[in-house]
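Quick note: numbers below take in every heavy atom, side chains included, and nothing from hydrogens, waters or symmetry partners. Chain A is the first sequence line, chain B the second, and so forth, proteins listed ahead of strands; every chain is numbered from 1.
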Amino acid sequence: MTGQEIPFPPENSRIDGLAATFAARLIDWQRRCGRHDLPWQGSDPYRVWLSEVMLQQTQVRTVLPYFARFVARFPTVEALAAAPLDEVLALWSGLGYYARARHLHAAARLWVARWPGTCPQGAQEWAQLPGVGRSTAAAIAAFVQRERVPILDGNVQRVLCRLFAVEEDPRAAATARRLWDAAHALLPRDPDDMPAYTQGMMDLGALVCTRTRPRCDLCPVAELCAAHRLGIAAQLPRKRARAPVPEQDVRWGWYEEDGAVWLVRRAPQGIWGGLWCLPPADEAPPGRWRAAGEIARLTHRLTHFTLNITVTRYLPETPRAAEHAAAWGEEARCLTPHEALALGVPQPLRRLLAQAVDVPIEHAKGNMRRLGVAKGKFEVSERIDEHDEDVARLFRGKEKP
DNA sequence: GATTCGTGGAA
DNA sequence: TTTCCAAGAAT
């Protein structure tokens, strides 16, 4: 078997023996060199599901503190289902892709309603939860139910592109279909091997078959790898040409009254859907306001575009916050910056609020330029306990049965 | 099939 | 600094 490669796409007549070798070597390597101490590894379907959603397009290191806070507040799917969406968004604040949090909350309620006291049985049923697609459903089912279904995340795509020396863009639909077929053909025969095998595919991509500088000298399946034999492992998968990122200018209003600032809930669709944010500078709360200068200019880089945010401070001509609150309804709140930090807010606003109250927050790292002040780089430490107390106080008594 | 959706790590 | 992209899914 040594030195042979697995044909791509795999042919049934030749695949069995080679696939068995691939799976056996990967499983053995995972048990010796893979990751075994991640906090979601185990038999709890809730923790596996939660982690898989958090890990979508997000690195393990980033997820770890969010996962810890989340399971501390919501130890079970029943606790998550009973919570208000606002508290879920608050705990998700800073993690990004907030549709995941909205889907997670809806999925928890569907879960307890349709599978009370248990959980979805198999990938087919896991995929019925909102926010759980084919790859996530397969990962959960492989770990929890030992089902023989393949995953195809970014790591596995890269591993397979190298294993078969695939030159095409793995994101193209036609190529992706062949990669799914290949991933299925490589699965181990014994269902009991599925957890170690699936974790092994993830670990291999994350620890050995990395995007840059792959460690082929440590790879348990290097002898089966076409790209390694051709000496092009580091060049695969081919990167696609990317269009230049456009810029967009946004103006936010810092409407301040008696040390509190107005926030409005963003629409559920679109960027930062459902989160609390400063209102646009030209949409003042009820009452008469006067501009009091620019507070900050923020540059926020996203994958597909760059946001240039200008924040202007406004002060009331006449103090009457209570009337404003009644006039602007439930989707607007006037809170101190400290209180606002306990809500689900976009990361650039989180940085601005943290600076306003000089309260460190977790994962608020980056650059911010204050007018009249030299450009400063700040990195703040973790104050999880205090933040959690704020969250608990803000949402106390608001849970639904 | 192509877009949209966040943030931060790494080179 | 810039660029790529990570345990992808929904539209």
Item to check | Other residues, nucleotides, ligands: >12 heavy atoms within 6.0 Å of Arg171(A) CZ | outcome: yes
Item to check | Those residues that, when tested against Glu167(A), pass salt bridge (charged side-chain N to carboxylate O under 4.0 Å, His left out) (two or more places apart) | outcome: Arg238(A)
Checklist entry - Which nucleotide sits closest to the side chain of Phe305(A): dG6(B), dC5(B), dA10(B)? => result dC5(B)
Checklist entry - In whole angstrom, what separates Met54(A)'s CE from dA9(C)'s P? => result 16 Å
Checklist entry - In terms of side-chain geometry, is the basic nitrogen of Arg265(A) or Asp86(A) positioned less than 4.0 Å from the acidic oxygen of its partner? => result yes
Checklist entry - What interatomic distance, in whole Å, is found between P of dG9(B) and the corresponding atom of dA9(C)? => result 24 Å
Next on the checklist: Using a 6.0 Å distance limit plus a 45 degree cone around the ring axis, check whether Arg134(A) lies over the aromatic ring of Trp126(A).
Outcome noted: no
Item to check | Charged N-O contact under 4.0 Å between Arg25(A) and Glu223(A) | outcome: yes
Next on the checklist: Regarding Ile271(A), tell me which of base, sugar-phosphate or nothing describes its non-hydrogen contacts under 4.0 Å with the strands shown.
Outcome noted: sugar-phosphate
Item to check | For DNA chain C, the residues among residues 126-148 of chain A that have a non-hydrogen atom under 4.0 Å from it | outcome: Pro130(A), Gly131(A), Val132(A), Gly133(A), Arg134(A), Ser135(A), Thr136(A)
Item to check | Integer-rounded Å distance: dA10(C) C1' and Leu104(A) CG | outcome: 15 Å
Next on the checklist: Within the 3.5 Å criterion, strictly below it, is a donor on Gln128(A) or Arg114(A) matched to an acceptor on the partner's side chain?
Outcome noted: yes
Checklist outcome for this item: Regarding the side chain of Gln59(A), the nearest nucleotide among dG9(B), dT3(C), dT7(B) is dG9(B)
Item to check | Under-4.0 Å salt bridge between Arg313(A) and Glu256(A) | outcome: yes
Next on the checklist: Taking the minimum atom-to-atom distance to the side chain of Gln56(A), which one of dA7(C), dC5(C), dG8(C) wins?
Outcome noted: dG8(C)
Checklist entry - Do the side chains of Leu179(A) and Cys161(A) get nearer than 4.5 Å, heavy atoms only? => result yes
Next on the checklist: Any donor-acceptor pair, under 3.5 Å, between the side chain of Thr303(A) and the base of dG6(B), if you only look at N and O atoms?
Outcome noted: yes
Checklist entry - At under 4.0 Å between heavy atoms, what does Trp40(A) touch on the DNA or RNA strands: base, sugar-phosphate, or nothing? => result base
Checklist entry - Donor-acceptor pair under 3.5 Å: do we get one between Thr58(A)'s side chain and the base of dG6(B)? => result yes
Checklist outcome for this item: Looking only at dT7(B), dG9(B), dA7(C), the nucleotide nearest the Leu55(A) side chain is dA7(C)
Checklist entry - What's the verdict on salt bridge (Lys or Arg N to Asp or Glu O under 4.0 Å) for Arg31(A) and Asp193(A), showing C-alpha distance, side-chain angles and the deciding distance? => result CA-CA 11 Å; Arg31(A) 293 186 169 135; Asp193(A) 287 332; 3.8 Å; yes
Checklist entry - Start at the 5' end of DNA chain B and walk down; is the nucleotide closest to Ala172(A) or to His304(A) reached first? => result Ala172(A)
Item to check | Any Gln347(A) side-chain nitrogen or oxygen under 4.0 Å from OP1 or OP2 of dG8(B) | outcome: yes
Checklist entry - Just checking Leu95(A): base, sugar-phosphate only, or nothing, at a heavy-atom cut-off of under 4.0 Å? => result base
Item to check | Salt-bridge present (Arg333(A), Glu339(A); N to O < 4.0 Å) | outcome: no
Checklist entry - Could you give the CG-to-C1' distance, from Leu64(A) to dG8(B), as a whole number of Å? => result 14 Å
Next on the checklist: If I take atom CD in residue Gln157(A) and atom C1' in nucleotide dG8(C), what distance separates them, rounded to the nearest angstrom?
Outcome noted: 9 Å
Checklist outcome for this item: Closest of dG8(B), dA7(C), dG6(B) to the Tyr98(A) side chain is dG6(B)
Item to check | Short side-chain N/O contact from Gln57(A) to OP1 or OP2 of dG8(C), under 4.0 Å | outcome: yes
Item to check | Strand-adjacent residues in residues 31-39 of chain A, judged by heavy atoms under 4.0 Å from DNA chain C | outcome: Arg35(A), Leu38(A)
Checklist entry - Would one find a side-chain N or O of Trp272(A) under 4.0 angstrom from OP1 or OP2 of dT7(B)? => result yes
Item to check | Along DNA chain B (nearest heavy atom to each residue), the more 5'-positioned of Gly270(A) and Arg211(A) | outcome: Gly270(A)
Checklist entry - Picking from dA7(C), dG8(C), dG9(B), which would you name as closest to the side chain of Glu52(A)? => result dA7(C)
